[in-house]
Amino acid sequence: MLNAQESTITTTAPAVCWACLAQLESVLIAQSVSSKGSALFCPHCGKIQPPAGGNYFSIFGLVPRLNLDLGMLERQFHKLSRKLHPDRFARASENEKEWSLAQSSLLNDAYRTLKDPLTRTYYLLKLHGAEIGEEFAGKDRKDPSRVPADLLEEVFELNMQLEEMRMNRKMGEVDEQLQSDLQQAEKKFLALQDEVDEQLHTEWTKWDEGDAQTRETAQKTMMALLDRRRYLSNLVRDVTETLGA
Amino acid sequence: MAANQEKNRVVGIDLGTTNSLVAYMEGSKPVVIPGVDGSNLVPSVVALDPVPTEGGRPTVTVGNSARKALIETPERVIYSVKRLMGRGVSEVQSELKFFPFRLAKDVEEGEVPRVQLGELAFTPPEISAYVLRQLKRNAERFFGSPVTQAVITVPAYFNDAQRQATKDAGRMAGLEVLRLVNEPTAAALAYGLDRAKEGIIAVYDLGGGTFDISILKLRDGIFEVQSTNGDTHLGGDDIDNLLLTIALDEIHAEHGVDLRAHPGAVQALRKAAIDAKIQLSTNPVAHFDIELPNGDRYQREIPREVFDDLIEPILQRTAAPCKQAMLDANVLPEQIDEVVLVGGSTRIPAVRQLVDDLFHLSARGKKAHTELNPDEVVALGAAVQADILAGASKATEELLLLDVTPLSLGIEALGGTVAKIIQRNSTIPASATEHFTTGVDGQANVAIHVVQGERELAADCRSLARFDLKGIPPMSAGLPRIEVKFLIDADGILQVSAREQRSGQQAQIEVKPTYGLTDEQVESMILESFDHAEEDFARRLLIEARNEAESILNKVEQARTNPAWAQLTAQEQAAIDAARAHLAAVKDGSELAPIREATLALDKSTQRLAELMMDAAVTTAIRGKTMQSAGEELSDNIAAPHPMAPAEFK
């Protein structure tokens, strides 16, 4: 019955300030796709404005790119938070409170998405029309059907060991051999994860700097890499949790 | 926007399980506002006064005097009500095993539980409202002007319903709650104020009834919470209950006396258990020595090692949340620069040892921070946050708190599984937009079940609310496109809005909160009109001061007939009589200050008398009871072995 889909920003930019009715100018950020943001505050009366159109990159005044300077992103996040956070509007009018809540939640959503390399990649690819399944929306669903072929055997083995480990815990038993096997497996999968990350980085640069043709190829490669990466991080998380429980 | 001084001050309130405090910013320094008895801590205890006024609001006593009533009239007193906030009837039912109070008989599942207090019944937010009103009055008395806006702290791991219940309590007490702040975050604010530090801080907060761990990153005055975890059901209360259970079992086994049927005696024993616990934080050994109804004495010696072993399982329950929080924040113990200890239970040496181990402190030549009083640090931080919200203050203009939601938000999907839409530890405010459609042609309603928690099945998570999207225009199945926006605000409370996109209609939402009061219910529970005009205010203060004087005079009058009076020295008696005469002389004057001073002086002069009376009451409460049938109230699930040192009979 429920059919949840992806989140997008659908608000459209208002042409005038809600408070003083002054004309609001759109700020064009770059030549790239839909990177049009508008003023956070009215240039005439200084009042906070409702979120205007744009995407998670344009909120930070950025062109959509996969290689991001995270230090810069954090500084920008802090700077904008100081201006937009509801704490700054605790005694303001209801309208201002509402827009501050809308603006700062959007800012937080954007920062959360962009600071993580994987969610950033998903987001940008989606912005460029990639068909990304529901499970990519950070919904944390396990999808056992997509075990990467080269890992099938190891994953099977690992799951057996994890199950045994959990049983041992329940019974209060300690199997040191098993524990060290699992630690080995964790190391191995972490290394595989790093490998994927490195490959992703290469594709990022291709995407950021390439022409349309290159981008399309890079996009396909990234989609496959993301699948693998997601699978690996689920595995690693399972192992870490089981070992650390 | 006025600065946070003189009029329209915003105060910071720590509404604790055991004690509550109110604080404010004095210039650039947060300070706690003492009550009329000079004490910074107001025990979170509410007692219903003996005769409720006809028709009107019942009168209640809050704080230290209510705590005294615990032993005399336990059936009219409630404490630790924070444990019941935002909980359902069956949850409260099992919680109450450890408390002397009971649910009202006519409470039904699905309602907000009401606790029976004498002849009346109250919801947990109402009880909290009485505590908040006392704090509000203390602040008003202190400033000599009305206080209507506050920041209230809550455990970081409080869910939506618990937060909403706290906000409701504020409203009932006549306070506009400008923000709910998480307790560990507030503590970090109090510590971070006078140090322009950068780095990663862990706050370990073990209070009376709740445990929180938060990991924060401090940078350029921004306190960014990275992760939080905890247990809203773990604290000093559990240690008290454990000691109490053991003592009750031992008394039963060795002396054939079952005290469980006698709430007054149980409370006296609980007090002894708490005293022993506190002693063990500084002494290597503590003693129980209580006279029993049959004339025997229950005497026990508890060495600290025995105590440490006893409480080990309770303390261990804080370890897993700490590890999970570090995992979620993606930090190793070695990367944590500072650890801050908050909450009275962190005075226990075994707790400090555990923290040292968890964060590898000694090994790195570090020590956890305990410079600020662990009972006060949360209130001090709340005052800092209050100052931030009031704006225009030099001391706090550079500071900003970015907190997170402690639990993931999800919606129930097909098959009862949960689709998470906002992950735990997301910075708040946070939002998620989801689209829903219909499954049947012409379907006019869509129901959405929102839950909070980390489990995969909705049934294992905490149900927040059911939203019914109504008035969907008739269309073929799957055609309507309803956009629902879920937003967690800066208080950590969920807001939901919806619209049907194809028809452009604003969809109607009917919200059924799973736990909690409706707006109308809260409205009907508001303690008193908080519309105090300025001119009324001075008058009200005067009336209150006179009432207070009247009440203490009456109490002293009665006390003179108490056997304890005879135990005082002649000088002590003379001093009390002098203070009494002085207060009687000034109390009807129109000046506020002399009445207050005289009241305070009388209160001070009677301190020893009050103590003597308390001691006597404890003994009577125990001796006065007969050995009736065994009560089933306490501890059907704690099977205590015999871990205390052997008794030493004199």
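Treat the numbers as computed from the prediction; the structure is a model and nothing was measured. Naming: A, B, ... by sequence-line order, numbering from 1 per chain.
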> Between A/D87 and chain B, which part of the residue has a heavy atom less than 4.5 Å away: side chain, backbone, both or neither?
Replying inline: both
>> How about NZ on A/K97, more than 12 heavy atoms from neighbouring residues, nucleotides or ligands closer than 6.0 Å, or not?
In response: yes
> Rounded to the nearest 0.5 Å, how far apart are CD of B/Q423 and OG1 of A/T119?
Replying inline: 10.5 Å
> Crowded around B/R455 CZ? As in, over 12 foreign heavy atoms under 6.0 Å?
Replying inline: no
>> Need one label for B/L178: side chain, backbone, both or neither, based on atoms under 4.5 Å from any heavy atom in chain A.
In response: side chain
> Measuring from B/Q495:CD to A/S105:OG, what's the distance to the nearest 0.5 Å?
Replying inline: 9.5 Å
> So which part of B/E397 gets closer than 4.5 Å to some heavy atom of chain A, the side chain, the backbone, both or neither?
Replying inline: backbone
>> With a 6.0 Å cut-off (strictly less than), is the heavy-atom count around CE of A/M167, excluding the residue itself, greater than 12?
In response: no
>> Exactly one of A/E74, A/K79, A/H78 should register a side chain to side chain contact (heavy atoms under 4.5 Å, CB included) with B/I222. Which one does?
In response: A/H78
>> Just so I know, are the side chains of A/R88 and B/L389 near enough to count as touching, which here means a heavy-atom distance under 4.5 Å?
In response: no
>> Please classify the contact of B/I422 with chain A as side chain, backbone, both or neither, using a heavy-atom distance under 4.5 Å.
In response: neither
> Would you say A/D109's side chain and B/S431's backbone share a donor-acceptor pair under 3.5 angstrom?
Replying inline: yes
> Is it true that A/R91 and B/E176 have a side-chain N and a carboxylate O under 4.0 angstrom from each other?
Replying inline: no
> OG/A/S81 to CG/B/L402 distance, rounded to the nearest 0.5 angstrom?
Replying inline: 5.0 Å
> Does a side-chain heavy-atom distance below 4.5 Å link A/N108 with B/P429?
Replying inline: yes
>> Return the CG to CZ distance between B/D220 and A/R75, rounded to the nearest 0.5 Å.
In response: 9.0 Å
> Taking every heavy-atom pair that is under 4.5 Å apart, which of B/Q324, B/E224, B/K485, B/K323 has the most such pairs with chain A?
Replying inline: B/E224
> Who wins among B/A490, B/S426, B/G221, B/G478 for the most heavy-atom pairs under 4.5 Å with chain A?
Replying inline: B/S426
> chain A: which of B/V440, B/L400, B/L401 shares the most heavy-atom pairs with it under 4.5 Å?
Replying inline: B/L400
>> Given heavy-atom pairs under 4.5 angstrom as the criterion, report whether the side chain, backbone, both or neither of B/A430 touches chain A.
In response: both
> Non-hydrogen atoms of chain B under 4.5 Å away: do they reach the side chain of A/R112, the backbone, both or neither?
Replying inline: side chain
